[in-house]
Amino acid sequence: MLDIKVIRENLDWAKEKLATRGIKPEQLDELVAIDAKRREAMVQSENLKAERNEVSKKIAEAKRNKEDAADAIKNMREVGAKIKDLDKDIDELTEKQEYILLRLPNFPADSDPIGPDESYNEEVRRWSEPTKFDYAPKAHWDLGTDLNILDWDAASKVSAARFVYYKGAGALLERAVYNFFLDENTKEGYTEIIPPSLVNNDSMQGTGQFPKFTEDVYTIVENDDPEVPRNLTLIPTAEVPLVNYFRGDIIDGKNLPINVTALSPAFRSEAGSAGRDTRGLIRMHEFRKVEMVKVVKPEDSWEELEKLTHNAEHLLQKLNLPYRVVALSTGDASFTSAKTYDLEVWMPAQDTYREISSCSNCTDFQARRAQIRYRDEDGKVKLTHTLNGSGLAVGRTVAAILENYQNENGTVTVPEALVPYMHGMTKITPEVKWH
RNA sequence: GGAGUGUUGUCCGAGCGGCUGAAGGAGCAUGAUUGGAAAUCAUGUAUACGGGUAACAACCUGUAUCGAGGGUUCAAAUCCCUCACACUCCGCCA
């Protein structure tokens with residue numbers, strides 16, 4: 001959530017910034033007008049409340065002295081009614097203001113490439129060269145099916161499209177990848193967390209998924225009493241439980257930055273992406289992801305974003321997977337982010353780079369929504385900044401390994417870094433078919 | 001799932017419908033004392049949102065906040081309702 005004060009005091013600047021993210025300036029005018037009305041009503045209400053408190057004190061005194069206070073009580077009854085009306089107005093105005101405020105995206109950083117969509121993203125750097133083959137490389141979904149380590153048919157029977165079974169060496173590979181990620185992240189100073197996979201509405205709002213993106217997620221409805229929904233949602237990313245771990249907290253500044261990492265399932269409805277990436281592991285309703293989250297002091301967040309990005313890159317480097325780093329344009333970056341670097345891994349069969357990690361500095365946007373604060377050396381309480389990045393998407397990593405490490409005979413060489421995690425297995429060969 | 005108890009500031013803990021932003025401790029900070037420290041004494045020790053003076057900081061003032069939300073009342077930490085969470089006992093269960 002943006003700071004209404006910042007908008008109020010720098011209206012033109014705010015309009016300009018948010019215009020690059022597709023927000024119409026009139027919306028901010030409306031917001032500021034509501035805010036002005038709200039504050040006006042507050043002044044009136046607060047003056048009346050001050051009067052009421054004053055008179056109430058006198059009534060109390062009179063009662064103690066056994067004097068009559070009937071007139072004052074009668075007057076205050078009217079004042080009370082007025083206050084009630086005004087407070088109702090204030091509530092309505094606050095609600096209107098929140099409605100807009102909760103749906104405005106974060107201010108983009110000055111360094112962000114400006115543009116409405118991904119075509120304005122800027123490549124920052126490349127690591128290694130796209131893997132070369134002297135034959136036509138297979139797509140990972142074919143490799144997975146032919147090796148009998150990934151089974152989409154069974155998953156669509158048992159669950160639905162965009163679900164998958166991992167089998168044998170495939171399951172082992174998935175497990176190897178995330179254990180490797182967790183170990184590496186832990187070595188880099190991240191504390192491992194195992195978070196819950198269902199979270200409440202306050203949490204979804206705290207990290208910015210709600211109220212705007214309710215269609216993108218799966219929410220649990222308890223059938224026996226539809227009147228009282230439990231309001232638990234399957235997490236679309238571990239970012240939600242990791243950041244909300246600190247919701248409402250005042251952290252001792254000595255303990256910042258806090259770095260945490262977690263493996264979790266990620267559930268996404270993928271509403272609106274019908275027809276895109278229908279094959280393979282790229283776009284699933286359920287996948288596993290290792291996430292990294294940082295809670296930092298505001299003055300450190302830009303440096304921490306670079307560190308976070310490098311931590312994610314380090315994983316790809318150790319797996320020897322070619323990738324590039326892309327700075328997202330103002331129009332392409334996520335709702336909560338001020339600046340995002342995407343890591344895109346080379347996918348030979350598609351002859352292109354595909355997103356495998358997204359590292360964002362959310363500045364104080366989530367911290368304000370979730371009220372995550374810290375006490376600095378002077379004892380003052382301030383909002384923190386939060387950052388998050390995938391380290392990394394596990395399914396997509398498996399896909400990248402299959403494609404980049406494939407051999408002409410259809411087997412897949414295990415990346416050196418993963419061999420210990422694969423119990424010494426160096427090559428993935430076909431699994432037994434059961435039918 | 002059933003029955004009961006509880007949730008107060010950084011922590012512990014008191015609290016009769018008005019004099020309670022909240023007793024009393026502890027902790028922390030500053031000052032005094034000391035050659036220095038301990039002990040002792042004194043003072044201070046919330047956050048949010050308004051308004052004003054002023055504007056890298058700050059000060060004055062109002063309002064709100066005692067798990068959350070609603071209600072009763074001139075007035076609610078205190079009474080009523082709903083919910084969340086914690087603990088205890090019973091039942092069930094990986």
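None of the values given here were measured: they were computed from a predicted structure. Letters A, B, ... are given to chains in the order of the sequence lines, protein chains preceding strands, and every chain is numbered from 1.
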Between [atom2] on [N] and [atom1] on [X], what's the gap in Å once rounded to a whole number?
X        : N     : atom1 : atom2 : answer
A:Arg373 : B:A46 : CZ    : P     : 14 Å
A:Arg52  : B:G17 : CZ    : P     : 20 Å
A:Gln44  : B:U63 : CD    : P     : 16 Å
A:Arg375 : B:U45 : CZ    : C1'   : 10 Å
A:Asn201 : B:G69 : CG    : C1'   : 15 Å
A:Lys37  : B:G50 : NZ    : C1'   : 18 Å
A:Ile90  : B:G62 : CD1   : C1'   : 13 Å
A:Glu78  : B:A75 : CD    : P     : 13 Å

For the pair [X] (side chain) and [Y] (backbone), establish whether a donor and an acceptor sit closer than 3.5 Å, ignoring hydrogens and angles.
X        : Y        : value
A:Asn121 : A:Ser329 : yes
A:Arg375 : A:Ile250 : no
A:Asn259 : A:Tyr190 : no

If you look at every strand shown and take non-hydrogen atoms under 4.0 Å, does A:Arg368 touch a base, only sugar-phosphate, or nothing?
nothing
Students often get this wrong, so: under 4.0 angstrom with heavy atoms, is A:Lys63 touching a base, only sugar-phosphate, or nothing?
base
Between [M] and [N] - [atom1] atom distance, rounded Å:
N     : M     : atom1 : value
B:C11 : B:A46 : C1'   : 14 Å
B:G31 : B:G24 : C1'   : 24 Å
B:C93 : B:A86 : P     : 23 Å
B:A22 : B:A64 : P     : 14 Å
B:G25 : B:U40 : P     : 13 Å
B:U7  : B:A68 : C1'   : 11 Å
B:C12 : B:C74 : P     : 37 Å
B:G62 : B:G2  : P     : 49 Å

OP1 or OP2 of B:U63 versus the side-chain N and O atoms of A:Arg39: is any pair under 4.0 Å?
no
Under the rule of Watson-Crick or G-U wobble with both distances under 3.5 Å, where | means paired to another strand and [ ] a crossing pair, RNA chain B maps to ((((((((.[[[..)..(.....]]]((((((.......))))))((((((((....)))))))).[[[[[..)....]]]]])))))))....
Member of A:Asn10, A:Asp110, A:Asp12 meeting the side-chain hydrogen bond (donor to acceptor under 3.5 Å, both in side chains) criterion with A:Lys17:
A:Asp110
Pairs under 3.5 Å (N/O, protein and nucleotides 70-73 of chain B):
unit_1, atom_1, unit_2, atom_2, d
B:U72, OP2, A:Lys84, NZ, 3.3

Closest-nucleotide ordering on RNA chain B, the 5'-leading residue of A:Asn53 and A:Ile59
A:Asn53
Most 5' of A:Asp35 and A:Lys49 on RNA chain B, judged by nearest nucleotide:
A:Asp35
Can you give me the N/O atom pairs linking the protein to nucleotides 53-60 of chain B at distances under 3.5 Å, or say none if there are none?
unit_1, atom_1, unit_2, atom_2, d
B:A58, OP1, A:Lys380, NZ, 2.6

Does A:Lys37 come within less than 4.0 Å of A:Glu40, counting only side-chain N to carboxylate O?
no
When the ring planes of A:His285 and A:Tyr218 are compared, do they come out parallel, tilted or perpendicular, using 30° and 60° as the limits?
perpendicular
Scan A:Phe365, A:Phe107, A:Phe210 and name whichever one has a ring pair (Phe, Tyr, Trp, His ring centres under 6.0 Å) with A:Phe335.
A:Phe365
Heavy-atom closest contact (A:Thr336 atom, A:Asn106 atom, distance)
O-ND2, 3.0 Å
